[in-house]
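What follows is a set of notes on a single structure, which appears directly below.
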Protein chains: 2
Amino acid sequence: MDQPSRSAGTVRPGGRTARVRAAVLEATQDELVEHGFHGLTMDQVAARAGVGKTTVYRRWGSRAGLVADLMTELANQSTPYADTGGIEGDLRANAFSVLEALNDGRLGSTFQAVIAAATSDEQAAQALRAFYLRRIEEWANVVDLAVKRGELPEGTDGGEVIRAISAPLYYRLVVTREPVTREAAERSVARTLAAARAGAFVVPDSAG
Amino acid sequence: MDQPSRSAGTVRPGGRTARVRAAVLEATQDELVEHGFHGLTMDQVAARAGVGKTTVYRRWGSRAGLVADLMTELANQSTPYADTGGIEGDLRANAFSVLEALNDGRLGSTFQAVIAAATSDEQAAQALRAFYLRRIEEWANVVDLAVKRGELPEGTDGGEVIRAISAPLYYRLVVTREPVTREAAERSVARTLAAARAGAFVVPDSAG
DNA sequence: TATTTAATGGAACCTATGTTTCGTTAAGAT
DNA sequence: ATCTTAACGAAACATAGGTTCCATTAAATA
């Protein structure tokens with residue numbers, strides 16, 4: 001096979017190629033909603049997208065390649081951090097955006113699929129890591145702003161605060177598989193904020 | 001096919017049947033370490049276990065069935081909660097036991113596999129949920145003891161505290177796929193404890 | 001130790017998944 | 001408008017993954 005996903009689609013990305021990609025990613029999401037990552041097949045995706053399966057294999061190579069590309073696509077649509085004027089509002093905005101994403105049929109299924117894929121596929125793992133590290137970095141800004149406003153102690157690690165907001169929600173989604181509720185999101189904010197105010201997110205070697 | 005994993009192995013569980021199960025679960029773990037859940041095949045497992053593949057299909061039915069059984073087996077080996085005499089020591093003991101498990105080649109691979117399987121298989125999802133809810137319930141005791149000793153506020157939700165200890169570690173393992181370090185475990189304890197002392201884990205309707 | 005039959009396992013079998021071939025279509029360039 | 005060839009897709013093909021059949025082995029019981 002000619003290199004999947006490398007050569008194909010780069011020289012003439014316009015028109016047909018773009019339409020094929022959109023249709024395939026769309027179909028992939030639909031299939032993930034209905035069958036999960038384990039039940040995802042290249043064949044079904046191709047059929048659903050109205051595209052030759054040869055094309056799907058050529059450009060994406062494998063199921064993991066499909067979900068990795070999907071994740072990359074989502075990364076590009078990432079929304080900027082909120083600025084509500086106060087750290088509590090900002091963190092709530094962050095928690096609720098995660099909450100909504102996880103409970104959205106299409107997005108939630110997609111996240112779970114990529115998480116599953118990433119456990120045994122390096123390509124998917126990288127797409128996943130890239131997505132979250134970018135998102136964390138983006139939202140860490142709200143913490144820096146809060147520190148400047150004097151709402152949180154000097155040296156508070158923004159990235160860690162943002163991780164702490166999301167962690168309990170993903171833990172419920174993927175580990176204990178309990179419903180990810182609005183209350184869970186609110187509690188996560190309250191607890192993270194309590195710890196942050198107590199200085200538990202201050203890193204040893206960062207005093208400016 | 002006769003009902004997989006229902007009828008088989010229950011009437012004559014001694015001798016050969018037990019040896020087959022042990023060999024198959026052992027082989028499953030080995031395969032998970034080497035190839036991950038996606039690369040796990042019934043065929044390979046059977047060959048590695050030195051067992052007919054018919055047997056594997058008959059008793060476990062699918063890859064998800066294998067990892068679900070593996071998880072059930074681990075649940076039975078679950079160790080009781082620590083009692084170091086202080087809540088900080090107890091929570092550290094909990095965090096370190098999670099840390100060790102996730103960084104252990106065999107256990108870590110197994111957890112990741114079950115998590116992956118659970119995203120699209122209900123049997124695996126149930127085994128996973130059962131394992132963690134049991135573990136959480138078990139360790140929640142250390143929080144109740146701490147409340148009785150006056151170390152934490154009345155009404156502190158033990159299950160939630162234990163979840164909060166683990167969550168950041170699993171989040172790193174499975175979502176951002178960053179290394180799960182000793183420092184991460186220690187930070188998790190410090191932050192959870194700070195929030196707990198501030199009363200952020202007190203549930204509204206539980207004052208005794 | 002003999003009997004019954006649960007449980008196993010080799011081998012043949014089948015289907016879905018993945019690959020290769022090659023003719024057709026249309027993007028991009030002139 | 002014409003040309004070049006990237007990209008697509010139908011169909012034939014290969015094979016790994018999963019299933020069925022039935023003879024063999026050995027638990028459990030007396």
Side-chain angles (χ1 to χ4, degrees), chain A residues 1-28 31-32 34-69 117 120-121 123, chain B residues 1-28 31-32 34-67 69 113 117 120-121 123:
Chain A
M1 180 200 258
D2 29 17
Q3 308 295 12
S5 87
R6 295 248 172 222
S7 54
T10 55
V11 178
R12 292 180 183 175
R16 183 168 60 169
T17 295
R19 280 195 302 278
V20 165
R21 175 161 185 256
V24 166
L25 292 187
E26 186 76 12
T28 300
E31 288 292 311
L32 286 178
E34 290 177 23
H35 310 296
F37 180 66
H38 176 63
L40 185 74
T41 78
M42 306 292 272
D43 227 328
Q44 286 290 329
V45 169
R48 187 161 202 154
V51 151
K53 76 169 174 165
T54 317
T55 298
V56 179
Y57 279 107
R58 187 160 34 217
R59 290 186 56 186
W60 288 276
S62 69
R63 305 183 301 148
L66 280 174
V67 297
D69 194 27
S120 40
D121 181 277
Q123 188 185 4
Chain B
M1 181 200 259
D2 28 19
Q3 309 294 14
S5 86
R6 295 249 172 219
S7 54
T10 55
V11 178
R12 293 181 184 173
R16 182 168 61 169
T17 294
R19 279 195 302 279
V20 165
R21 176 160 186 257
V24 166
L25 293 187
E26 185 77 12
T28 300
E31 288 291 311
L32 286 178
E34 291 176 23
H35 311 296
F37 180 66
H38 177 62
L40 185 74
T41 80
M42 306 292 271
D43 227 327
Q44 286 290 326
V45 168
R48 186 161 203 153
V51 151
K53 74 171 177 165
T54 317
T55 298
V56 179
Y57 279 108
R58 187 161 34 218
R59 290 186 54 186
W60 288 277
S62 68
R63 305 182 302 150
L66 280 174
V67 296
D69 193 28
S120 40
D121 180 277
Q123 189 186 3

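Keep in mind that the numbers below use all heavy atoms, side chains included, and drop hydrogens, waters and symmetry copies. Quick note on labels: first sequence line is chain A, next is B, and so on, each numbered from 1.
Within the 4.0 Å cut-off from OP1 or OP2 of D:dG9, at least one side-chain nitrogen or oxygen of A:Thr55 is found. OP1 or OP2 of D:dA27 lies within a sub-4.0 Å distance of a side-chain N or O belonging to B:Arg19.
When all heavy atoms of A:Val56 and A:Ala46 are compared, the pair lying nearest together is CG2-CB, 3.7 Å. Residue B:His38 comes nearest to B:Arg63 through the heavy atom pair O-NH1, 3.3 Å, listed as atom of the first residue, atom of the second, then distance. Across A:Ser120 and B:Gly36, no two heavy atoms sit closer than the pair CB-CA, 3.9 Å. B:Leu66 approaches B:Leu25 most closely through the heavy-atom pair O-CD2, 4.2 Å.
In this structure, A:Val67 and A:Leu40 have side chains that are in contact, with non-hydrogen atoms separated by less than 4.5 Å.
The distance between atom CH2 of B:Trp60 and atom P of C:dA7, rounded to the nearest whole Å, is 12 Å. Regarding B:Leu66, its CG atom lies at a distance of 13 Å from the C1' atom of D:dG18, rounded to whole Å.
Partners of A:Asp69 according to the salt bridge (charged side-chain N to carboxylate O under 4.0 Å, His left out) rule, which considers only residues two or more places apart in sequence or in another chain, are A:Arg21. Residues meeting the side chain to side chain donor-acceptor pair (under 3.5 Å) test with A:Arg19, sequence neighbours left out: none.
From B:Glu34, atom CD reaches atom CZ of B:Arg48 across 4.0 Å, with rounding to the nearest 0.5 Å. The CZ atom of A:Phe37 sits 14.0 Å away from the NE2 atom of A:His35 when rounded to the nearest 0.5 Å. If you take CE on B:Met42 and CD on B:Glu31, they are separated by 12.5 Å, rounding to the nearest 0.5 Å.
Rounded to 10 degrees, the angle separating the terminal axes of the helix from C:dT15-D:dA16 to C:dT30-D:dA1 is 30°, with each axis obtained from five end pairs. Rounded to 10 degrees, the angle separating the terminal axes of the helix from C:dT1-D:dA30 to C:dC13-D:dG18 is 40°, with each axis obtained from five end pairs.
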N/O contacts under 3.5 Å, protein versus nucleotides 21-24 of chain C?
none

Restricting to nitrogen or oxygen on both sides, can you table the protein-nucleotides 16-18 of chain C pairs closer than 3.5 Å?
{"unit_1": "C:dG18", "atom_1": "OP2", "unit_2": "A:Tyr57", "atom_2": "OH", "d": "2.9"}
{"unit_1": "C:dG18", "atom_1": "O5'", "unit_2": "A:Tyr57", "atom_2": "OH", "d": "3.2"}
{"unit_1": "C:dG18", "atom_1": "N7", "unit_2": "A:Lys53", "atom_2": "NZ", "d": "2.8"}
{"unit_1": "C:dG18", "atom_1": "O6", "unit_2": "A:Lys53", "atom_2": "NZ", "d": "3.1"}

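For A:Arg59 (side chain) and A:Thr17 (main-chain N/O), a donor-acceptor pair under 3.5 Å exists by modelled atom type.
If you check every strand for non-hydrogen atoms under 4.0 Å, A:Arg21 touches nothing.
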